[in-house]
Amino acid sequence: MPKVKIDDILANYDKNKLVIATVCSHSSLQIFNGARKEGFKTLGISVGEVKKFYDAFPLGKPDEFFVVDNYKDINKYSDELIEKNVIVIPHGSFVEYLGAENFMKLNLPTFGNRKVLMWESDRKMEKQWLEGAGLTMPKQIKDPKKIDKPVIVKYHGAKGGKGFFVAKTYEEFKKRVDRSKPYFIQEFVMGTRYYLHYFYSPIQNNAYKLSKGSLQLLSMDRRDETTIDEVQRLGSIAELEEIGIHPTFVVTGNIPIVMRESLLPKVFEMGANVVEKSLKLFGGVIGPFCLETVVTEDLEFKVFEVSARIVAGTNPYISGSPYSEMIQPDLSTGRRIAQEIKYAAKHKLLREILT
Ligand code: AMP
């Protein structure tokens with residue numbers, strides 16, 4: 001959606017009655033809870049019916065539900081939502097359910113920079129961004145015959161790690177690969193996983209200073225993935241593979257974690273470089289973003305993915321994390337988003353953070 005059009009819509013909004021809206025899934029409880037804490041009204045977009053479990057969480061329940069037949073139809077209702085002064089907070093499932101094309105066309109003020117979507121979803125562009133920012137990514141193996149150490153095979157567009165598999169030899173790769181789907185082979189990085197949750201504000205200078213605005217580290221998590229994370233209860237992976245049981249990488253939850261303090265300077269350096277590069281490439285990754293990393297035994301970070309919006313890994317921290325607690329008590333990523341909107345509305349800067 002052209003930025004001018006969004007700026008026009010915003011110009012007619014009642015800035016004292018902004019409504020924070022998102023799709024009822026993923027991190028919506030946290031987003032609604034955070035918006036409520038900052039005094040906003042909230043609206044939950046739901047397909048087919050109002051989801052009953054929200055009744056069990058009154059402080060995470062939106063003030064109003066907006067039921068649509070199909071997520072892809074949201075754009076059809078944009079006039080109605082504009083009437084309500086709605087600002088949309090995208091999350092991973094929001095973009096997935098709407099589809100990238102519909103999301104880009106969405107005729108509603110949306111938190112963050114929508115241009116980032118193409119930079120994170122196209123592997124080549126993602127590499128240009130992250131390696132251009134000086135980060136180390138796992139090596140790509142172009143020729144499967146050259147597999148001489150563990151690799152992870154990823155299918156394009158597979159959600160939540162579905163279908164991914166690990167191979168240690170070409171023989172193993174050949175046995176497992178589904179050649180009907182486009183795939184991508186990457187070095188399997190051995191180490192511990194940390195999913196780092198940053199927040200970049202282009203309009204506030206009260207954190208780790210950048211060339212424009214500042215950066216915060218709000219929290220970090222480790223994903224819980226079935227079956228890889230618990231399969232060893234049955235036996236070693238090698239043993240299980242011999243009888244045809246292969247681990248899978250489907251995300252089912254998130255585990256809170258903290259990192260040894262000596263690694264924090266590197267965490268900030270990586271986040272800062274990613275933001276600086278994004279400013280040059282496409283006007284900046286605004287708001288929350290996550291670097292998915294593995295720390296090796298040499299204490300080096302390898303970054304295998306970037307997610308440029310609120311990630312579900314922030315959900316363990318609805319009442320703050322060991323890091324956000326040192327910024328402000330009770331600060332979740334959802335609440336930080338609401339604060340940014342509140343600050344921007346007060347200082348007439350909404351155009352800087354909405355697209
Ligand atoms: P992704 O969909 O790329 O986030 O990957 C799904 C999961 O696979 C991750 O959460 C990790 O557990 C694992 N994974 C992905 N890439 C790598 C890698 N290069 N080395 C080790 N584990 C990986």
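In listed order, ligands and their atoms are each counted from 1.
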### Query
Do we see a donor-acceptor contact under 3.5 Å between the side chains of Asn273 and Lys277?
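Not at all, the side chains of Asn273 and Lys277 share no donor-acceptor pair under 3.5 Å.
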### Query
Do Thr42 and Asp63 have side-chain atoms, one donor and one acceptor, less than 3.5 Å apart?
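Yes, a side-chain donor-acceptor pair sits under 3.5 Å.
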Proximal atoms of ligand 1 relative to [X] (non-hydrogen, under 4.0 Å):
X: Pro138; value: 19 (N)
X: Glu187; value: 18 (C), 19 (N), 20 (N)
X: Phe249; value: 8 (O), 13 (C)
X: Glu292; value: 4 (O)

### Message
Using heavy-atom distances only, which candidate in Val189, Asp224, Val251, Ile228 approaches atom 21 (C) of ligand 1 most closely?
### Response
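Result: the heavy atom closest to atom 21 (C) of ligand 1 is in Val189.
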Would you kindly specify which portion of [X] sits under 4.0 Å from ligand 1, judged on non-hydrogen atoms: side chain, backbone, both or neither?
X: Phe304; answer: side chain
X: Tyr195; answer: side chain
X: Arg193; answer: side chain

#### Entry: Side-chain ion pair, Arg193 and Asp229, N-O less than 4.0 Å
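The answer is yes: the pair qualifies as a salt bridge.
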### Test: Lys175 and Glu241 ion pair at under 4.0 Å
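Salt bridge between Lys175 and Glu241, a charged N being under 4.0 Å from a carboxylate O: no.
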### Query
Is a side-chain donor or acceptor of Thr293 paired with a backbone partner of Tyr194 at a separation under 3.5 angstrom?
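Yes, because the side chain of Thr293 sits within donor-acceptor range (under 3.5 Å) of the backbone of Tyr194.
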### Message
Under a 3.5 Å distance rule, please check whether Asp143 uses its side chain to pair with a backbone N or O of Lys145 as donor and acceptor.
### Response
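Yes; judged by distance alone, with no hydrogens or angles, the pair exists.
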Where is the nearest protein heavy atom to [atom]: which residue, which atom, and how far?
atom: atom 3 (O) of ligand 1; answer: Glu305 OE1, 2.7 Å
atom: atom 15 (C) of ligand 1; answer: Lys154 NZ, 3.3 Å
atom: atom 2 (O) of ligand 1; answer: Phe164 CE2, 3.4 Å
atom: atom 7 (C) of ligand 1; answer: Glu225 OE2, 3.3 Å
atom: atom 22 (N) of ligand 1; answer: Phe188 CE1, 3.5 Å

### Message
Between Phe173 and Tyr183, is the ring centroid distance below 6.0 Å?
### Response
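Yes, the ring of Phe173 comes within the 6.0 Å limit of the ring of Tyr183, centre to centre.
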#### Entry: Phe57 and Phe32 aromatic centres sub-6.0 Å
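Centroid separation for Phe57 and Phe32: 6.0 Å or greater.
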### Query
Does atom NZ of Lys51 have more than 12 heavy-atom neighbours from other groups under 6.0 Å away?
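Yes, NZ of Lys51 has more than 12 neighbouring heavy atoms, counting only those of other groups under 6.0 Å.
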### Message
Please report whether ligand 1 has a polar contact with Ile152, defined as an N or O pair separated by less than 3.5 Å (distance criterion only).
### Response
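Not met; the criterion fails.
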